[in-house]
A.B. asks: 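The structure follows.
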Amino acid sequence: MENKLINITLKVWRQRGPKTKGAFETYKLDGVSVDSSFLEMLDMLNEKLISERKEPVVFDHDCREGICGMCSLYINGHPHGPDEDITTCQLHMRKFKDGETITIEPWRSHGFPIIRDLMVNRTAFDKIMQAGGYVSVNTGGFAEANAIPIPKRIADEAMDSASCIGCGACVAACKNGSAMLFVSAKVSQLALLPQGKKEGARRAKAMVAKMDELGFGNCTNTGACEAECPKNISITNIARLNREFLSAKFKD
Amino acid sequence: MGCFIFNSSIGRKLVMSITGIALVLFLTFHAVMNIFVIISPEVYDQICEFLGANWYAIVGTVGLAALVVIHIFYALWLSIQNYIARGTDRYDVKANAPGVEWAGQNMLVLGLIVFGFLGLHLYNFWYEMQLPEIMGQEPAVGSEIVKGLFQSPVYCVVYMVWFAAIWFHLTHGIWSAIQTMGGSNHIWLPRIKTISNIWATIVVLIFMSIPVFYLITNLLG
């Protein structure tokens, strides 16, 4: 099979630390295989930079199969690049044209301060999870998984919500820097199931309070999060979170 | 319950939705009343007289003003918070995400346009009708003011632009308010979006028909 190679220009955001001012640097990269993944292309760039005794570009990545939520990158105006329903690590160079200029930026949001170059600090999401994204009722020892019957529709919906990998693309895409899609998916995946339902009110209140405290914005239902989410998380989760939160507050 | 309508994001958004829906209900009533200026100016004048500066109309007006003030105050509050949450550095390249409506991304600008024209509208009508009556003077006749104002094609166009901005604002606003109150799921999300579009279109078409009617009548002489 013929291995097609393309030449590209990269406009990459470089920033030495959270407090320093960043700027775009332009790099030319020749002979990139269209079969290589986007991150392999960045590896290529870094090898080139190292051989030229320059600082490599810092970016987040881990599993490289779209399930860990570590990779980020705002590519040509889209979180996780121009392709739909995939993470950056699943993006391939065949999506780009020969001679194209590709602009790579970090997630930009008050809630995700830049650590260096394209790497941002997403511990805010961990803090929101710690605030209530768990089940603390005693479920006993190993039990038959189907001991509690759960309708298929509910199980599917909970699974869809649970497919959120917490990458932060929703926050990156949102013009309000809102984390509602993430929080609502994490509230929904538990609220839908009997074990999680018991603490639904406390969970919704605690997680929303933490989200607000960490400086994420207010959702205005633009739907940009859903459109850019690599896991296709629906904004109907946000409506569920609103229901959970408001009914909990009105009961107080 | 505390004061979650002040200190939580969802609570603040709830205030936006409730005031928004209340204003949409008012607009719907206003549109239904307005259409009579074409169908039967006498009936229209009777409605104007019935409302006039009676206690219920005054209560309604004050209530409406409060709704508008709260809606705008919360809109600005939320927008400032959102502006800060967006961070200091902006994206260099911003592409449109598929399926994201333009209106939803520009609610503040649309709202400001609607509010700006509202000032003109109050000057055109309220200043001539309810205000003199409150001051104990003789109010102008409603249908005459409408007819007089829309003799000018410029005013017809100005009002049509205003209605267009209201249409955009409502197409997003109605379903967004229902979503914020939690009234959406996989089945209902497309439904409330459709209801939103239909409702906004009906209300705005009724409003729009009045300047269009006068524009055409004047053109035909």
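Sequence lines set the chain letters: A, B, ... in the order given, protein chains first and strands last, and positions in each chain run from 1.
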A.B. asks: What's the shortest heavy-atom distance between A:Gly215 and B:Ala85, and which atoms?
C.D. replies: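 Nearest heavy atoms, A:Gly215 then B:Ala85: O-CB, 3.4 Å.
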
A.B. asks: Is chain A contacted by the side chain of B:Arg90, its backbone, both, or neither, given a heavy-atom distance below 4.5 Å?
C.D. replies: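 The answer is the backbone of B:Arg90.
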
A.B. asks: Kindly assign one of parallel, tilted or perpendicular to the pair B:Phe4 and A:Phe245, based on the angle between their ring planes and the thresholds 30° and 60°.
C.D. replies: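 If you compare the ring of B:Phe4 with that of A:Phe245, the planes turn out perpendicular.
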
A.B. asks: In the structure I gave you, are the side-chain heavy atoms of A:Asp212 and B:Ile10 within less than 4.5 Å of one another anywhere?
C.D. replies: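 Contact flag for A:Asp212/B:Ile10 side chains = no.
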
A.B. asks: Could you check A:Asn221, A:Thr220, A:Asn218 and say which one makes a side-chain hydrogen bond (donor to acceptor under 3.5 Å, both in side chains) with B:Thr180?
C.D. replies: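 Only one of A:Asn221, A:Thr220, A:Asn218 forms a side-chain hydrogen bond (donor to acceptor under 3.5 Å, both in side chains) with B:Thr180, namely A:Asn221.
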
A.B. asks: Under a 4.5 Å heavy-atom cut-off, does chain A meet the side chain of B:Met181, its backbone, both or neither?
C.D. replies: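 The backbone, not the side chain.
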
A.B. asks: Working note: A:Val208 + B:Ser9, criterion side-chain contact (heavy atoms from CB on, under 4.5 Å); need CA distance, chi angles, decisive distance, verdict.
C.D. replies: CA-CA 8 Å; A:Val208 169; B:Ser9 57; 4.1 Å; yes

A.B. asks: Give the member of A:Phe216, A:Phe24, A:Phe112 that has the highest number of heavy-atom pairs under 4.5 Å with chain B.
C.D. replies: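 Between A:Phe216, A:Phe24, A:Phe112, the count favours A:Phe24.
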
A.B. asks: Going from CG on B:Asp92 to CD1 on A:Ile104, what distance comes out if it is rounded to the nearest 0.5 angstrom?
C.D. replies: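 Reported value, rounded in 0.5 Å steps: 12.5 Å.
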
A.B. asks: Starting at CD1 of B:Ile5, measure out to CG of A:Leu246 and round the result to the nearest 0.5 Å.
C.D. replies: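 With rounding to 0.5 Å, CD1 (B:Ile5) is 11.5 Å from CG (A:Leu246).
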
A.B. asks: For chain B, find which of A:His110, A:Glu228, A:Lys205, A:Arg240 contributes the most heavy-atom pairs closer than 4.5 angstrom.
C.D. replies: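 Answer, by heavy-atom pair count under 4.5 Å with chain B: A:His110.
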
A.B. asks: Which one wins on heavy-atom pair count under 4.5 Å against chain A: B:Gln105, B:Gln81, B:Met107, B:Glu101?
C.D. replies: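 Most heavy-atom pairs under 4.5 Å with chain A: B:Gln105.
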
A.B. asks: Please classify the contact of B:Trp188 with chain A as side chain, backbone, both or neither, using a heavy-atom distance under 4.5 Å.
C.D. replies: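 Neither part.
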
A.B. asks: Return the minimal non-hydrogen interatomic distance between A:Lys175 and B:Arg86, and the atom names on each side.
C.D. replies: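 Reported closest heavy-atom pair: O-CD, 3.4 Å.
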
A.B. asks: Pick one of side chain, backbone, both or neither for A:Ile114, based on which atoms fall under 4.5 Å of a heavy atom in chain B.
C.D. replies: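 Nothing of A:Ile114, per the 4.5 Å heavy-atom cut-off to chain B.
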
A.B. asks: Between A:Ala248, A:Cys219, A:Ala227, which shows the greatest number of heavy-atom pairs under 4.5 Å with chain B?
C.D. replies: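 Option with the top pair count is A:Cys219.
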
A.B. asks: Looking at A:Glu105, A:Glu84, A:Arg243, which has the largest count of heavy-atom pairs under 4.5 Å with chain B?
C.D. replies: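 Going by pairs under 4.5 Å, I would pick A:Glu105.
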
A.B. asks: Given 3.5 Å as the limit, does a donor-acceptor pair link the side chain of A:Asn242 with the main chain of B:Gln179, or not?
C.D. replies: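 Judged by distance alone, yes, a pair lies under 3.5 Å.
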
A.B. asks: So for atom CD1, which belongs to B:Ile39, do other residues, nucleotides or ligands contribute more than 12 heavy atoms lying within a distance under 6.0 Å?
C.D. replies: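 For B:Ile39, atom CD1 is crowded (more than 12 foreign heavy atoms under 6.0 Å).
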
A.B. asks: Only pairs of heavy atoms separated by less than 4.5 Å count here; which of B:Gly87, B:Gly104, B:Ala95 has the most with chain A?
C.D. replies: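 Looking at each of B:Gly87, B:Gly104, B:Ala95 in turn, B:Ala95 comes out on top.
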
A.B. asks: Can you check whether B:Val100's main-chain N or O pairs, donor with acceptor, with A:Glu226's side chain at less than 3.5 Å?
C.D. replies: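 No.
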
A.B. asks: Report, as yes or no, whether the 6.0 Å neighbourhood of atom OH on B:Tyr123 holds more than 12 heavy atoms from other residues, nucleotides or ligands.
C.D. replies: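 For B:Tyr123, atom OH is not crowded (no more than 12 foreign heavy atoms under 6.0 Å).
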
A.B. asks: So for A:Ala209, is it side chain, backbone, both, or neither that comes closer than 4.5 Å to the heavy atoms of chain B?
C.D. replies: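 The answer is neither part of A:Ala209.
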
A.B. asks: In terms of side-chain heavy atoms, does B:Asn82 have a donor or acceptor partner in A:Ser178 at a distance below 3.5 Å?
C.D. replies: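 There is no such pair between these side chains.
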
A.B. asks: Can you find a pair of side-chain heavy atoms, one from B:Asp89 and one from A:Trp13, that are under 4.5 Å apart?
C.D. replies: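 In contact.
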
A.B. asks: Taking every non-hydrogen pair under 4.5 Å, which of A:His78, A:Arg108, A:Glu244 racks up the most with chain B?
C.D. replies: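 Looking at each option in turn, the highest pair count goes to A:Arg108.
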
A.B. asks: Answer yes if the side chains of B:Asn185 and A:Thr236 hold a donor-acceptor pair under 3.5 Å, and no otherwise.
C.D. replies: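 Side chains of B:Asn185 and A:Thr236: no pair found under 3.5 Å.
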
A.B. asks: With a 4.5 angstrom heavy-atom cut-off, which part of A:Ser109 approaches chain B: side chain, backbone, both or neither?
C.D. replies: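 Both backbone and side chain of A:Ser109 come within 4.5 Å of chain B.
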
A.B. asks: Between A:Ala239, A:Ser247, A:Gly22, who has the most heavy-atom pairs with chain B when the cutoff is under 4.5 Å?
C.D. replies: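 Most pairs with chain B among the choices: A:Ala239.
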
A.B. asks: Determine whether the side chains of A:Tyr74 and B:Lys94 contain a donor N or O and an acceptor N or O closer than 3.5 Å.
C.D. replies: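 Per modelled atom types, A:Tyr74 and B:Lys94 side chains form a pair under 3.5 Å.
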
A.B. asks: Does A:Tyr27 OH have over 12 foreign heavy atoms under 6.0 Å away?
C.D. replies: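 Check passes, neighbour count above 12.
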
A.B. asks: Considering only heavy atoms, which portion of A:Pro113 lies under 4.5 Å from any heavy atom of chain B: side chain, backbone, both, or neither?
C.D. replies: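 Contact with chain B: none, neither part.
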
A.B. asks: Which answer fits A:Leu214, side chain, backbone, both or neither, if we ask what part of it has an atom under 4.5 Å from a heavy atom of chain B?
C.D. replies: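 When you check distances to chain B, no heavy atom of A:Leu214 falls under 4.5 Å.
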
A.B. asks: Are more than 12 heavy atoms, taken from residues, nucleotides or ligands other than A:Asp85, located less than 6.0 Å from that residue's CG atom?
C.D. replies: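 For A:Asp85, atom CG is crowded (more than 12 foreign heavy atoms under 6.0 Å).
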
A.B. asks: Rounded at 0.5 Å granularity, tell me how far OG in B:Ser184 sits from CG in A:Asn237.
C.D. replies: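 One finds 9.5 Å between OG of B:Ser184 and CG of A:Asn237.
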
A.B. asks: Where does B:Leu14 contact chain A at under 4.5 Å (heavy atoms): side chain, backbone, both or neither?
C.D. replies: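 For B:Leu14, the side chain is the part near chain A, not the backbone.
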
A.B. asks: Inspect the surroundings of CZ in B:Arg191 and state if more than 12 heavy atoms from other residues, nucleotides or ligands are less than 6.0 Å away.
C.D. replies: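 Yes, the 6.0 Å shell around CZ holds more than 12 heavy atoms from other groups.
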
